[in-house]
Each structure stands twice: as structure tokens, then as C-alpha cells.
Colleague: 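Okay, here's the structure, questions in a sec.
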Protein chains: 2
Amino acid sequence: MRLMKTCVFFLCIAFLQRSMAQEATTLNAGMERLKLEFVLDRSGTPNYAVYFNQKQIVKPSALGFALSDDSTFYKDFELLGSEKKTVDETWKPVWGEVNQIRNNYEELTVHLKHKGVASRYLDIVFRVFADGVGFRYVFPNQAALKYFIVTDEFTHFNLTGDHKAFWIPGDYDTNEYPYTTSKLSEVDAWKLAATATDIAVRVAPDQYAVQTPLMMKTNDGLYINIHEAALSGYPAMQLHVDRSASSLSSSLVPDAVGSKAFLHAPFKTPWRTIIVSDKATHILASRLILNLNEPSVIQDPSWIKPMKFVGVWWEMQIGKSTWRYSEYADSTDANGKLIPNGKHGATTENVKRYIDFAAKNGIGGVLVEGWNTGWEDWFGNWKEDVFDFVTPYPDFNLKEITAYAASKNVKMIMHNETSGSATNYERQMDTAFRFMNKFGYTSVKTGYVGKIIPRGEHHDGQWMVNHYERVAKKGVEYKVMVDMHEPPRPTGMQRTYPNWLACEAGRGNEYNAFSKGNSPEHETIMPFTRLMGGPMDYTPGIFKLKNYSPEDPTRQVHTTLVKQMALYITMYSPVQMVSDLLENYEAKPDAFQFIKDVPVDWDDSKILEAEPGDYITIARKEKGKDNWFIGAITDENARTTNIPLDFLDKGKKYIAVVYADGDKADWKDNPESYKIQKLKVDAKTKLNLKLAPGGGAAISIMPGN
Amino acid sequence: MRLMKTCVFFLCIAFLQRSMAQEATTLNAGMERLKLEFVLDRSGTPNYAVYFNQKQIVKPSALGFALSDDSTFYKDFELLGSEKKTVDETWKPVWGEVNQIRNNYEELTVHLKHKGVASRYLDIVFRVFADGVGFRYVFPNQAALKYFIVTDEFTHFNLTGDHKAFWIPGDYDTNEYPYTTSKLSEVDAWKLAATATDIAVRVAPDQYAVQTPLMMKTNDGLYINIHEAALSGYPAMQLHVDRSASSLSSSLVPDAVGSKAFLHAPFKTPWRTIIVSDKATHILASRLILNLNEPSVIQDPSWIKPMKFVGVWWEMQIGKSTWRYSEYADSTDANGKLIPNGKHGATTENVKRYIDFAAKNGIGGVLVEGWNTGWEDWFGNWKEDVFDFVTPYPDFNLKEITAYAASKNVKMIMHNETSGSATNYERQMDTAFRFMNKFGYTSVKTGYVGKIIPRGEHHDGQWMVNHYERVAKKGVEYKVMVDMHEPPRPTGMQRTYPNWLACEAGRGNEYNAFSKGNSPEHETIMPFTRLMGGPMDYTPGIFKLKNYSPEDPTRQVHTTLVKQMALYITMYSPVQMVSDLLENYEAKPDAFQFIKDVPVDWDDSKILEAEPGDYITIARKEKGKDNWFIGAITDENARTTNIPLDFLDKGKKYIAVVYADGDKADWKDNPESYKIQKLKVDAKTKLNLKLAPGGGAAISIMPGN
């Protein structure tokens, strides 16, 4: 102890000599129970700390960068000045979980001058909300810093203990891992990456890096969520875990030459976000990430329409039909024409069946995958010129399908799989979007399965982040809604581009189709992790939960049927697939009624109960109507819960239809058992719900006597 | 000696045991004095040797590859069979040095089976011409080799001695080095790369690698030229020099992940070419490289029109005016508009001056660089979104200029500088070419100055080779002729894409404008090296050879004025810039007459004299006319030569105008001295020419009395 103090003393001397050391400076900002402390320490390193209810949540944590021409851009700063302001405003999202959002924060901006290779300037902007903190770096316009390269960002999150964490590996190319719940000190990304053989491309070079949103729970019951907001022009941030110190630090996904970001001042980095509460429900209810994003760029969003859709998709995921038309690219006849394999899913006839079903059941859209040439050898070759996005297979009669869908008032959903070849897609993007306009496709699902081209780039690096935003902008230009698969996990950019309806960027229901699948707790974690940044195209609604795979009869979905229904509420998205085979819905019209009824856009949402990894119960009010829908899910454990319906209008009468797990239902042996009960309810009603192991409950509540 | 023999004996034993060694197999092909020998040696390695006049030119040299999944794809082959055929055909180029080309060769195809990780097949096709050999690898369609990655190509050229070589460094990103003449054993690329600070981007990781075409001369007076033909879908080949063994081996330019080529069978590599003769003039007259390229893809080439052009260009190269409109990107006024620097070259007024001059002097086109926004910070930042290719600066009135040029029957030449950001160009290429069509631009000069984006790729790697071909194809699609600056050096692809008129891809005249310039011997080497693969936009015709640079009055062009005129003949190209400032031509209308007269497309060409590094004299006959033009150049040494005009029609009378160096002319102190003499000549005339040090002669010969 004595020795330590001496060391510190000598260090101070050293600083005094080396950098004319200044006194440490402290600034503050706060909002309700949240407090942010900024400290420029005596070495000129910016630090911040976060307090909740006067308790330190993040210990003093250093901020800064290494630039390619100055490795010291994290110290030797001096404080030029600071500003504070308070904002309290309300805005209306084009679509969402609620119809208006309050944006209330205190902002502290610190202006720093760096005494390194040149006089350079850096601002850091902190916004303190009632439920957390966001901060970003701002490189102002300045003489000595124009074009520059970030070789590292040193943003630290020094935590106060070895928290329980819900995490996936910090992989440069995928977010599709199953979640691990462990102490931070037990994080081991490589262990997961090595076993996750059901994921096509895995690049996780740091054994101790995790992906964000990182959900944590402290020993004393606080919930902390770390992520980023407004990821634009910059690589995605992952977190390196110092397992012994319980400290996290930013780890940016590198580019093909090992740099992190090529920037041009003025530039604002994405926000680093810390959401804190003593209630798990507050985490899910937080709008902090959306609030930190820029307002919509779309003046007239009337063409943006949330919807449900069916599609030629699950049948291919389970191996019943194929994306490809021919078995091999060189399976050609004497005239060089592809020989059909007889299992192609995207045939005119089959697509019409889906259109009929959608029309009959009031489902807005039909997605068709595998409609276009190139699927015989699309994957795994790091091939650049894979698809052209406009040439249908011979058994997909585009004009006939277009006319048929139009006659039934059903929207066809375009599918543009790129195979990771972003350069090829960029070359043809205008052609592809013009094609959509021409044939009346108002939305597109994009995909990036495979290693990225430009080779050496990663899904989550700066170049691809720019690419995905270009696609979103192209959608704005052509009035096409976009649902991206395999981008980085969202960061609230859907506020800025409301046509960017949803992303996959996580482990979807599809893993139940083609691999060992998702655990029963999976969907109780995802809203706290992947969904914190934005909607997910999770593809719920599987009714046939066992014996669906011709390839492997032991495969099953790890939920009950009713839990699949509840996911339409608990996994928020403005586009929700009605994913199963049509015949599986036709076999259970009473249960299917809920899926027909449930909307995808909301006036209000109430997070009634939640515990990551255990359970979630949410009630949502349909946009522009008096209908409420409740979804409740549990993990592998059965659960009984009482739900007070006090959010209903006082005095008003409602009819609730309760879709519940059957008495002997359980996800493993009896997943498809359900029961339906009609009840008269009002604001004073308490609903008693029993959820089977891996089960759920789904409830529609509509005005009526 | 005894020891050696024993060693060889043991090696044989080893081969017998290791690979069930076969007997060596030998096959032959030949044409006139050229002979090719193919040997599959006892280790199953394919080898070839080349003989000229029964003398070995290339000693047995190994062929083969390393693939990413099989490092032994250069040995353990067995010979399945072989075929021979002879071809003798004639074809007509759309434009060129001659109006028809004989393609006469004997072809030997060997079919090999590899006994490695799988049964795989490789063909090697040899074509033996009277003046050399070409060979390529062919990966046939096959079950065990579909998509694959070439990690190395092992093509050897084992030479018979330490030849004199004319070389530039094997740089991944530039061909703009000055040439070094040295023994192969003295090659040192790093020495050159370190000093060539006038080249923006230099990446030459191999100290002993040189660029092709590599021109060599043996001690006994043979000329050997090694290059490649039909570079498509594959990286450029450079040559690693084993200095002690006088052996060269292929060194492919790598991609961003360190691979050489991503291929898909069936695939044909470019041809490796060896041109041999005992006469240097035969090297320049060879059509071997063109013959090895595929025929034109353009059915109706009537829109392809070779031409001369002036341009707003040299004035910027010498620093008189600027590409940029404003001094800095952030030099903006209160309204955010750029503040002009007062030196912008591409103004409407200035461009009209060039249009007037072109119209008056029968020059077909006007190039304007710096017409579009983005030049304030276009270079050196590895910036991706630099130019948009369609937005003019405020002082460039596009519509007015378009109308004015049309009224004067002058073609405007588009300029698309990419700054090396190929991804940005690819995204906007359709827009850019549509823009050209809309405003009547029938040709475009493209540029790639800077480090390539996709970052990690190189100008000469597979990805960019594909890019340049895409640009050429885009030109075909939009009927736009292309002149590419900073691509790999040409390989005869202008046969296939005759709209791909010329490339820079070498050290042009421009280096005299902004750097220490080119040596007096430079232009006597270039036709033997850079120009072997195709035309160069060298930009000859500078009349003011000293005191032109406001930046550095000591700069000068290292030729006489007449040599600048002779370059229109000795540096063949279907597009030739008339490069100097207009006032410098207007000051010397008598000399300028030659430039007005000289055409850019030919019925015939006679290489009258040539020695690399010393001198070149060429006579060419104008396409569709009876006019002949002669260009003669020398290096730093004065030269006297007698030129028999026996190529003229017998008995026909001609008037020759001889543009000669003045009696006391020399490149250094008196470069602009010239004299003009009119002579009556016929097929029996011998012209006596005196070339000053660094000088030349230019002669027009037209029918008349």
C-alpha cells in the first residue's frame, strides 16, 4: 500500500513535467435518477462515470482514440470549455411500438484541444436521460484534422462488478449465435464460435469480445444495457471484456487493410449507449436509442406500410422444396438449358397458392425466395457475380404472378440475396430497384449470406455499414421498404429511414428449421439484446412444431404453438412473417385467428413483466383502434401469472380471446396443444395465465359485450 | 563432377519411389525458325523450352500452380493426350497500324491429369508463330475443380544468359517508372521505387520483380520480349528475377486477402508471350499479342472513330491553371458556395477557345479535365465518394459548351477521374455513361490516380482487371470510346474491345510537365516495352520545350521539337493528343502543319530501323489514302540515317515535307530549332536525315509533282 502511493506520487511528478499537467476537471449532467460525471484527468485523458440513484454504475472510464498519425489521441487533452442544455420534446414515429415518443435529456458538450502532433480538437457530447446515458465523439471542422484514419477507439465501460451477462461472441460477420448467460469473467467467444457450425461465416478473432447490445444484471438487481445508436459511416462497435477487471472497451470491426474507420471532419461517431434501471421492464420500454437517432429523412411517408406476409420460404428452410431450380449449375440439357430438379419452390403455381391464402386471410404480402436465376451455386465460393436480381427462373412467370397478385390486392415482396457480394449488388442496385418499381414490388428483403466482397471487408465494418445505408437510401429514392438480413444489428436508424422496416441480424426462428435450433429461453433474451436497436424479422408463427423436416425428423421448434403466437407481440416488428406452411394454418383455423387479428403497428405498448432469460409479458394497443393484444412467453420453466388489465379504458367493456397452452402442453413432448377461451373483461379484470414449459399466452382484447 | 552424377542418380531413384515416376515425355510444335518443346518430366512437372534458329532461347522451364486446396498443382501430372493443329488466317482490325493481320501458328494442346488431392485436369495450349510463342493454361469443366483459388502461378522463363534488359519495377499499382537498362543480374526494383517520388502510389514489395513487357537483348544479338496477352479475369503477371540463375518466374498481383485469383472452371488464363527475333524491328512489327486475343465483340464498329484531340490539360499539368475551382474544399462563402481561386482551367470561355482551335485545325476532339465538382480534395485521402461524374463547376456551362462544340462539329471528350475509387465509379457508371450519351460525348478518358478502393486491392490485381473490362463493356453498351489512365499495361484487349482505344499505363509526356521528366532515350524504349500490348495515350506534341513551368523554370522536355512531332508516328495510338498550349502552336504554324496532317489510323506500317534505347524509324501509310508519314527519333546521341523510300508505289511521284531538327538543335540547349524542306520523292529516293541529340525527324509524303 505504501509502495503504491509512492508510485502514484512519482507518476504525478512525471505528468507535471511531461505535459504541464493540469488539475483534474469535473463536470456533471443529470436527469432524475441518472447522473453523468465527466472528468478530464491529470494526464489529459477524458473520463466519464455514470450513477443511478446515487450509486456508481460505470466507474471512471477513459475515452479517446488512436489515429493513424497520432497514437496519443486519448490523452494530453485540455478543456477549452463546455456547454449544457436541456431538451424536452415529443416526436411521432412513422410506425412503432408507441405513437409518440418523449425525448427528454440534459446535454453536456465538452470541447477538448489535443496537444499532440498538431493542435487538434475533439468534442464529446453526453446526453443524460431518465433511463440512461448516450455519448458520442464529434470531430469538428478544423485545420489540422481533415481526412484521417481511426486505428482504434478507446471507449471504456468500467463496471462495478462481475455482472451476469447475456452475450454472443463479438463476430465481425454474424449476429446469429445462440445467447450465453454467464458472469462477465466467464466470457469465452471462441468456445461458442467453435461449436456454432450452423452459422455459415464466423470470424471472431478476439476470444474475449462480445457483441452489443450487451444485457447485464448486477448482483444487487440493477439492469444495464450497453449498445450504440445511429451507426452511420463508422464500423460497428463490439466490446472487449477484461474478465478480471470487469471492464469493457470498444472494439471496432476492422476493414480490409486493418484500419477501423476512414473519416472526414466534421464527423460525429455513433452514440455509445448505457441504459440502466432497477426494473427489467424499463429496459424494454426505453426509447433512448431511437431518441439518439436523427429524425426521418422522408417527407411524405405515406407509402411506408407495415404488414404481415406469408412466403415461399419455410418450405425451403425445412428442406421440402429448394431455392435452386436445378440441382447443379452445370445440370444442363443439350441446348444448355438448366434441367429442373423437380423440387423448386418458387413456381408460378405454388406462388399463386400463397397469394390466394394471403388474400383470403387479410395478409398483406407474399415473399418469394429462389425466384431468380443463380441459386445452383450461389453460396460458399466467395463468388462475385452471383445474381442479377432481375432474371426469373423459367417456371416463375413474373408477369402472370404480378397480375394475379394485383388482382387479389396482395403485395409481392422482392427478394434480393447478394451472397455477400455487395460490389455486385451495388453495380445492379438501380436496375434491381427499377425492376421492383416496374413490377409493383413495394418492399424488398435483402440478404448477405456468405463472405463479403469487397474481399477482406466484413459485414460489420465501415464499408458495409455504408453499403447498408446506401441500400436504405436507394429504398427512399425508389419508395421501396427494406427488410435486411445479415446486416449489423440495428442501432435505431429506422427512425431516420422509416422505410428500413426491419433487419434479421440475429438468430431467427429459421434455426429451428435447419439446425439444432433455439433454446426455449432464446426469445426471452432477444428483446433485451438484439431487439434493443430495432425490429427483427424473426419469422414467428410456426404451428407444426415437430416432424416437419424431411431431412431430420428429430428436429423441432423449442416452443409451444401458443408461444409462437405470443411472439407476434413480444418480438416487435412492423413486418411479421406468417412463416409456416399454409396447410399447417389451415389445419388450425381457430388458433390462426389470432395471427389474422394481430396487427404490426401500435399506438401504445406496456411492458407488463420481464426478466431476461426467464419471461416477458407485453400488452400493445393497435394503431388507430381500441384493440389490445397481449403476448406472454416463458423459458423452459412453466409459469403462472396474473395480469391486471388496468391499461384498458376505464368503464369500457371488452371481449378477450385467450389463446393458452393446453393443460398438458410442453415445448418438448406436447408443443401443439392449445386451448381458446373467450372472456368478458374490463380495466378491473386480472387475467390468470398458465404458461407451459417453453410456452406462452396470446390474447386479443377488443371492445364488445 | 563425379559427385554431381551420383546426386542426379539418387534423385532419379527418389522420384521413382515417390511418384511412381513416369518416363519424361516430349512433344513439339514449330513455325519457321521458331520451335517449342514440351516436356512432362519424371516428377510429372510440365516444362517447355523455346528455340529460335535451332538455338535455345528459353531453357526447359517449369509450369504450374499452387491452388488454395492443393499446393502441388505443378507436379504429379500425367499426360492424357495431346493435339496439334495449324491455323493460317487473316483478319481486319477496326483500326490499327495495319489494315489486315495474318494469324499463322501451329498449336499444341496437352491434356494433363493431376494426381493430387483429387483427379483434376489441366490443359496447356501452346501456339508457335514465326516470331514467337504464346501459351496459356486452361482449366476444363470438371467434377473436382469448380470454384477454386490460385495462390500462385509457377510459370518460369529460364533464360540462357544474363541478358541486357529494359525494365521498370514490378509495382502492383503503377507502370509510370522511367526505364532502367541493365543486366538481369543487376535488377533492383527497390532502388527505383525509392527514388521515383514523382509517382503518387508505389507498391513494389518484391525487390527483384519487374513489369512486363520485359524487353531483353542477348549477348549474341537476339531480341526477346516477354509479356502476356488477353488479360481478362485474372491478375496482371509480373516477373520475379532470379538474378543469379537468369531465370524469370510469374508473380501475380495479389488481392486484398493475399490470394491471386478466384476462378471458376472452365477458365482460360491469359497467354504468356515470348517474342523472339534477330532483328529489333521484328519485335515492333509483331502482331503475336493481338493475334492471341479474342475477336471483336462489336458487331457494327462504325461509331468507333480514331482521332486527335486538344484539351484543357497541359496548362494544368504545368501549373498554369488548376483542375480545382476553389483552393480548398472548405473555401466557401457565407452561403456555403465555393469561392473560385481564379485559376480554374475548365471555364466555358477557355473551353470555347479550344473548340475554336480544334475546328479551325481539323482536330476532332476537345478534352476537358477539371470540369466537374470534387477536385478540391480529390487526391491522397483514400476517400471513397469523390466525384459524381455529372455535376459541372459553376463556371463550366455544360449546355452552352455542348451546343457550341456541336455547332463547330467538334466532339467533346468526357473526363472521369475516379481517384482510384472504383467502387464509387461502379455505383455511378450507368449514370455517367447515360450523361455522356445525353450530351453527345462519344469518348471518355478515365483515371485512377490514387490508392484503389476496394481498399487492399491494387490497380493490377484481378478485381481491378475485371473492373477495367467492365468499363470497356459499359463503353460498348453505350457506344462510348474509352481511353484509360492508370489501368494495367495493355495486353491486346483492344482487339476484343476496339472501343477501348488506348491506355496510359506508362510514363507519359506529362512527367516532363510536373517532374524531372523523361530521359531522351525514353521514347526509344517505350515501343519495345509498354506499347507492345497496345496503344498509349502518351500526349506528344509539345512545342514549347523550356520555360513553360511557372512552378519551376528549370523544367524542360527532354526532346527537340521535331522529335515531339515524330512521336505521332513512333508512339502508335488511334487517339493522339495535341498536347501543348494553343498559343505555342499558333506561334509555329509551319511546324504545326505536320500535326494537322498526321492521321491516327493506318493501312500499313513499316518498321524501318529500331534499336531499343537508341533509335526508331517508322513509316506508316494513312488509312484509305496514298499518304505516307515517317517518324524518326534518337536518344541523347545525334544520328544520321539514310531512309530508302522503297515502300512507295513504284513509278508514282510524291511531295515530301521534311521536318528536321535545326542544324544546331539539341534537346538540352536548343530544342525548338527546326527546319522544313519540301522535296520531290519516289520509290527510288533515299532520304538522308540528321537527328540532333534527343532529336528526330517527321516527314509527310503525299502524291504530287
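Throughout, protein chains are lettered first and strands after them, A, B, ... in sequence-line order, and every chain is numbered starting at 1. Note that the structure is a prediction, hence the values are computed from the model and not measured.
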Colleague: To the nearest 0.5 Å, what is the distance between CG (B:Asn381) and NE2 (A:His264)?
Modeller: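 Output value for this atom pair is 7.5 Å.
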Colleague: Pick from A:Asp430, A:Asn466, A:Asp377: which one has the most heavy-atom pairs with chain B under 4.5 Å?
Modeller: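 When all of A:Asp430, A:Asn466, A:Asp377 are compared, A:Asp377 has the most.
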Colleague: For chain B, which candidate among A:Tyr328, A:Tyr147, A:Phe148 shows the most heavy-atom pairs at distances under 4.5 Å?
Modeller: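 Ranked by contacts with chain B, first place is A:Tyr147.
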Colleague: Might you confirm whether atom CD of B:Glu477 has over 12 heavy atoms from other residues, nucleotides or ligands at distances under 6.0 Å?
Modeller: yes
Colleague: How long is the span from the CZ atom in B:Arg427 to the OG1 atom in A:Thr423, to the nearest 0.5 Å?
Modeller: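 Nearest 0.5 Å value for the CZ-OG1 distance: 10.5 Å.
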Colleague: Is the count of non-hydrogen atoms from other residues, nucleotides or ligands lying under 6.0 Å from A:Lys474 atom NZ greater than 12?
Modeller: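 Yes, because the 6.0 Å sphere around NZ of A:Lys474 holds more than 12 heavy atoms from other groups.
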Colleague: Which value, rounded to the nearest 0.5 Å, describes the distance between A:Arg455 atom CZ and B:Trp463 atom CH2?
Modeller: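 The CZ atom of A:Arg455 sits 10.0 Å away from the CH2 atom of B:Trp463.
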Colleague: Looking only at heavy atoms and a cut-off of under 4.5 Å, which of A:Glu384, A:Gln428, A:Met429 has the most pairs with chain B?
Modeller: A:Glu384
Colleague: How long is the straight-line distance from CH2 of B:Trp382 back to OG of A:Ser68, given to the nearest 0.5 Å?
Modeller: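 CH2 of B:Trp382 is found 10.5 Å from OG of A:Ser68.
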Colleague: Which one wins on heavy-atom pair count under 4.5 Å against chain B: A:Thr431, A:Asp330, A:Ile149, A:Ile453?
Modeller: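 Most heavy-atom pairs within the cutoff with chain B belong to A:Asp330.
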